[in-house]
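Values below: all heavy atoms of this structure, side chains included; hydrogens, waters and symmetry mates excluded. Please read these numbers as outputs of a predicted model, since none were measured by experiment. Letters go in sequence order (proteins before strands), and every chain restarts at 1.
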Amino acid sequence: MRCLDMEKIRVRFAPSPTGELHIGGARTALFNWLFARRYGGEMILRIDDTDRQRSSPEYLKTILTSLRWLGLDWDEGPEIGGNHGPYTQSEHLEVYSEIAHKLVEEGKAYLCFCSAEELTAAKEKQREKGLPPRYNGCCRNITSEEREKRKAAGSYIIRFLSPEKGETIVDDLIRGKVTFENKIFDDFIIVKSDGLPTYNFASVIDDQNMNITHVIRAEEHLSNTPRQVMIALKLGYEVPLYAHVPMILAPDHSKLSKRHGATSVQEYRELGILPEALLNYLSLLGWSPGEDKEIMDIKEIISFFSLERVSKNPAIYDIKKLIWLNGHYLRTMELEEVVDRALPFLKEENLISEEIAPEEYEKIKIIVDLVRERVKTLREVADASLYFFRDEFEYDEKGVEKHFRKEGAADLLNQISSALENAEPFQPEEIKEELEKLSKKLEIPLSQINLPTRLALTGRTMGPDLMGLIAVLGKRKAAERLKKVIDLFNLA
RNA sequence: GGCCCCUUCGUCUAAUCGGUUAGGACACCAGCCUUUCAAGCUGGCAGCAGGGGUUCGAAUCCCCUAGGGGUCACCA
């Protein structure tokens, strides 16, 4: 057990670059980061890329990008270095190999020459018999002479010699002491036939060499932990403190996967979710500040965070709450902040050009302010403001049927056009006055005027404040659009 | 199947040592506001998995059952 008063807290997030950063990984990264920041510790980023087949530099890049986008930084790791590098496992493979062979020399591990096919066949048999699939230990007692001969002849793997008696206890900060009987473990593999270490092995060595004090990771690793503890003990390492945080599950209670829709940080970013909202939401999955407080900025989350308040049970991930939170952030953030983040989405939809003149920016600001009350994502900002930037758009069919396809529609639209003509200056207040005047003159309710106006100007039956909308559009465009629908729908 | 973890409204969660009308949030429903739609405000619906103990008293402690999840890979 570690003596924590004497050393600085050091935690690590160790993704393997075999996919994008998903929501579960992001939450694990977040909890590590919060723990480090809360207690003045250090956050290390390590890349666990010992799976040659599935790891790729592209995935690594998106993971780093996602972490940075979320605002989770690291004190040591890829791209910034540190005193405990290299921070990518594939860059110091000799270390693992050396230690593995040392264990073999000491009789704590041994070479196994069984082929992958033989092993899977044997396991299949055991499964059929209803027995747990275990390695039968057939290479345990090969003589050193025989070993050298076969070693020269072909590839081999290295297995850890598991103790047959006793128990291994994992002291978990969240779950308490968890006891495993040693006899349930078979001689698991620590070095694969390609010479690369397995996760359980490499991880233990790196945690030691990087001086990791707390291993905070998802609960799926709890069952692996005794193996790691056994290795650490055999190697004479200090065992770090563990904290296994609950899993994040899909709404159908299964493990989160592609078929559950957006699961990666990157996808949420593209959907127009704000990092602030995602971080806030993620922090609430398996943790709570202990009071009725849910909307928190990152500083507050750090100040409230503690592992004692992390819950034990898995959390089912509910996108509705994330979306709601995002909407909340969208309408409470500084307007300019929202505008700046919406800009890329507007560009992507080809609503604005790459370069924006200052006066155009001011106009966009007014537009974003107008629509942000009723959208929940940045992407929706683009959709909701489409007709401000384009003159061509669809008209809501039901709306057309209801407000245009009737006697006197053309006349009404013309009257509205004239009324708007009189609004001077062309500002919401004045526009409203003119439309109200028209409503009185025609002796019809204001809504009978507003609805067709909105439809003619935007193609939609709902949207932001009509007067504000008309003002932004401008007198000329408003008149053009009102006239246009008369021809377009052949109104009488 | 073996082992391990978990179990409070549909969902995320609160309830420090056992004593609360079991609290908040999302979602849902209703009302208010209103030029539409939202937003906002107000109110409502809804939960201690089940069964045994221990105790004056249990969501909270113990046991059993059930359910969910994880793991048992030359993946991490």
Visitor: Would you say that more than 12 heavy atoms from the other residues, nucleotides or ligands in this model lie under 6.0 Å from the CD of Glu429(A), or not?
Guide: no

Visitor: Using a heavy-atom cut-off of 4.0 Å across all strands, would you classify Lys376(A) as base, sugar-phosphate, or nothing?
Guide: sugar-phosphate

Visitor: Name the orientation class of the two ring planes belonging to His244(A) and Tyr242(A) (parallel below 30°, tilted from 30 to 60°, perpendicular beyond 60°).
Guide: parallel

Visitor: As a test of reading the structure: which of C75(B), A73(B), C4(B) is closest to the side chain of Val178(A), going by heavy atoms?
Guide: C4(B)

Visitor: Applying a 4.0 Å non-hydrogen cut-off, can you work out what Arg217(A) is touching in the nucleic acid: base, sugar-phosphate, or nothing?
Guide: nothing

Visitor: If only side-chain N and O atoms count, and only distance matters, is there a donor-acceptor pair under 3.5 Å linking Tyr96(A) with Asp206(A)?
Guide: yes

Visitor: Just to confirm, is there a sub-4.0 Å distance from OP1 or OP2 of A73(B) to any side-chain nitrogen or oxygen of Lys123(A)?
Guide: yes

Visitor: Let's test this: given Watson-Crick or G-U wobble pairing with both distances under 3.5 Å, identify the partner of G43(B).
Guide: C29(B)

Visitor: Looking at every strand, decide which applies to Thr453(A) at a 4.0 Å heavy-atom threshold: base, sugar-phosphate, or nothing.
Guide: nothing

Visitor: I need the CG-P distance between Asp172(A) and C4(B), as an integer number of Å.
Guide: 15 Å

Visitor: Base, sugar-phosphate, or nothing for Arg134(A), non-hydrogen atoms under 4.0 angstrom?
Guide: nothing

Visitor: Using a 4.0 Å heavy-atom cut-off across all strands, classify Pro226(A) as base, sugar-phosphate, or nothing.
Guide: nothing

Visitor: Reading nucleotides 13-20 of chain B 5' to 3', which nucleotides get B (base under 4.0 Å from a protein heavy atom), which S (sugar-phosphate only), which -?
Guide: SSS-----

Visitor: If we call it a pair only when both distances are under 3.5 Å in a Watson-Crick or G-U wobble match, what pairs with G2(B)?
Guide: U71(B)

Visitor: Distance check, P atoms only: G47(B) and U8(B), in whole angstrom units.
Guide: 14 Å

Visitor: Syn or anti for C17(B), given that syn means the glycosidic angle lies within 90° of 0?
Guide: syn

Visitor: Does Arg159(A) qualify as a cation-pi partner of Tyr135(A), given the criterion of NZ or CZ under 6.0 Å from the six-membered ring centre and within 45 degrees of its axis?
Guide: yes

Visitor: Could you check whether Cys114(A) gets within reach of a base, just the sugar-phosphate, or nothing at all, counting any heavy atom under 4.0 Å?
Guide: base

Visitor: Can you tell me if the side-chain N/O atoms of Arg331(A) get under 4.0 Å from OP1 or OP2 in G40(B)?
Guide: yes

Visitor: Can you check the Asp396(A) CG to C37(B) P distance for me, whole Å?
Guide: 13 Å

Visitor: Is it the case that Arg38(A) places NZ or CZ above or below the six-membered ring of Phe305(A), under 6.0 angstrom from the centre and within 45 degrees of the axis?
Guide: no

Visitor: Could you check Val375(A) against Trp324(A) and say which one's nearest nucleotide on RNA chain B is further toward the 5' end?
Guide: Trp324(A)

Visitor: Measure from CG on Leu451(A) to P on U36(B) and round the result to the nearest Å.
Guide: 8 Å

Visitor: In whole Å, measure the gap between the C1' atoms of U54(B) and U60(B) for me.
Guide: 13 Å

Visitor: What's Ser115(A) touching, base or sugar-phosphate or nothing? Going by heavy atoms closer than 4.0 Å.
Guide: base

Visitor: Test for a donor-acceptor pair under 3.5 Å between the base of C74(B) and the side chain of Ser193(A), counting only N and O atoms.
Guide: yes

Visitor: Check whether the side chain of Asp465(A) and the base of U36(B) form a donor-acceptor pair under 3.5 Å.
Guide: no

Visitor: Looking at every strand, decide which applies to Ser203(A) at a 4.0 Å heavy-atom threshold: base, sugar-phosphate, or nothing.
Guide: nothing

Visitor: Roughly how many Å apart are C4(B) and U42(B), using the P atom of each and rounding to a whole number?
Guide: 49 Å

Visitor: Paired with U16(B) by Watson-Crick or G-U wobble geometry, both distances under 3.5 Å: which nucleotide is it?
Guide: none

Visitor: Is there a donor on the side chain of Arg374(A) or the base of C37(B) sitting less than 3.5 Å from an acceptor on the other?
Guide: yes

Visitor: Would you kindly give the NE2-to-P distance between His244(A) and A76(B), to the nearest whole Å?
Guide: 16 Å

Visitor: Considering only the C1' atoms, how many Å lie between C32(B) and A39(B), rounded to the nearest integer?
Guide: 14 Å

Visitor: Between U71(B), G69(B), C5(B), which one does the side chain of Lys255(A) approach most closely?
Guide: U71(B)

Visitor: If you measure from the C1' atom in A46(B) to the same atom in C26(B), how many Å do you get, rounded?
Guide: 13 Å

Visitor: Do the rings of Tyr199(A) and His221(A) sit parallel, tilted or perpendicular, given the 30° and 60° boundaries?
Guide: tilted

Visitor: CG of Leu222(A) versus P of G69(B): gap in Å, rounded?
Guide: 17 Å

Visitor: Out of C74(B), C26(B), U35(B), which has the shortest distance to the side chain of Leu446(A)?
Guide: U35(B)

Visitor: Whether Arg46(A) and Asp207(A) form a salt bridge (side-chain N of Lys/Arg under 4.0 Å from carboxylate O of Asp/Glu) is what I want to check.
Guide: yes

Visitor: If the threshold is 4.0 Å, N to carboxylate O, is there a salt bridge linking Lys255(A) and Glu220(A)?
Guide: yes

Visitor: When you measure from the side chain of Thr198(A), which nucleotide among A76(B), C5(B), C26(B) comes out closest?
Guide: A76(B)

Visitor: From NZ of Lys320(A) over to P of G10(B), roughly how many Å is that when rounded to an integer?
Guide: 14 Å

Visitor: Would you say C75(B) has OP1 or OP2 under 4.0 Å from some side-chain N or O of Lys192(A)?
Guide: yes

Visitor: Calculate the interatomic distance between Asp186(A) atom CG and G1(B) atom P; express it in whole Å.
Guide: 20 Å

Visitor: Report the nucleotide, chosen from G10(B), A39(B), G70(B), that has the shortest atom-to-atom distance to any side-chain atom of Asp318(A).
Guide: G10(B)

Visitor: Go through the steps to decide whether Leu241(A) and Val215(A) satisfy the test side chain to side chain contact (heavy atoms under 4.5 Å, CB included), and finish with yes or no.
Guide: CA-CA 6 Å; Leu241(A) 254 21; Val215(A) 173; over 6 Å; no

Visitor: Could you work out the separation of C9(B) and G24(B) based on their C1' atoms and round it to a whole Å?
Guide: 12 Å

Visitor: In a table with atom names and distances, give each donor-acceptor pair under 3.5 Å that connects a side chain of residues 16-35 of chain A to protein atoms at least two apart or in another chain.
Guide:
residue	atom	partner	partner atom	Å
Glu20(A)	OE1	Ser264(A)	OG	2.8
His22(A)	ND1	Gly24(A)	N	3.2
Arg27(A)	NH1	Leu285(A)	O	2.5
Arg27(A)	NH2	Pro246(A)	O	2.2
Thr28(A)	OG1	Gly24(A)	O	3.1
Asn32(A)	ND2	Thr28(A)	O	3.0
Asn32(A)	ND2	Ile216(A)	O	2.9
Trp33(A)	NE1	Asp73(A)	O	3.4
Trp33(A)	NE1	Asp73(A)	OD1	2.6

Visitor: Might you point out which heavy atoms bring Leu378(A) and Leu330(A) nearest each other, and give the distance in Å?
Guide: CD2-CD1, 3.8 Å

Visitor: Quantified in whole Å, what is the P atom distance between nucleotide A66(B) and nucleotide G51(B)?
Guide: 15 Å

Visitor: So what does Asn224(A) touch, heavy atoms closer than 4.0 Å: a base, only the sugar-phosphate, or nothing?
Guide: base

Visitor: If pairing requires Watson-Crick or G-U wobble contacts with both distances under 3.5 Å, which nucleotide is the partner of U7(B)?
Guide: A66(B)

Visitor: With a 4.0 Å cut-off on N to O distance, would you call Lys183(A) and Glu181(A) a salt bridge?
Guide: yes

Visitor: Check this one for me: any side-chain N or O of Lys177(A) less than 4.0 Å away from OP1 or OP2 of C5(B)?
Guide: no

Visitor: Closest-nucleotide mapping onto RNA chain B: is Lys432(A) or Gln53(A) further toward the 5' terminus? I mean the 5' end.
Guide: Lys432(A)

Visitor: Rounded to whole Å, how long is the line connecting atom CD1 of Ile323(A) with atom C1' of A38(B)?
Guide: 16 Å

Visitor: In whole Å, measure the gap between the P atoms of C5(B) and C63(B) for me.
Guide: 12 Å

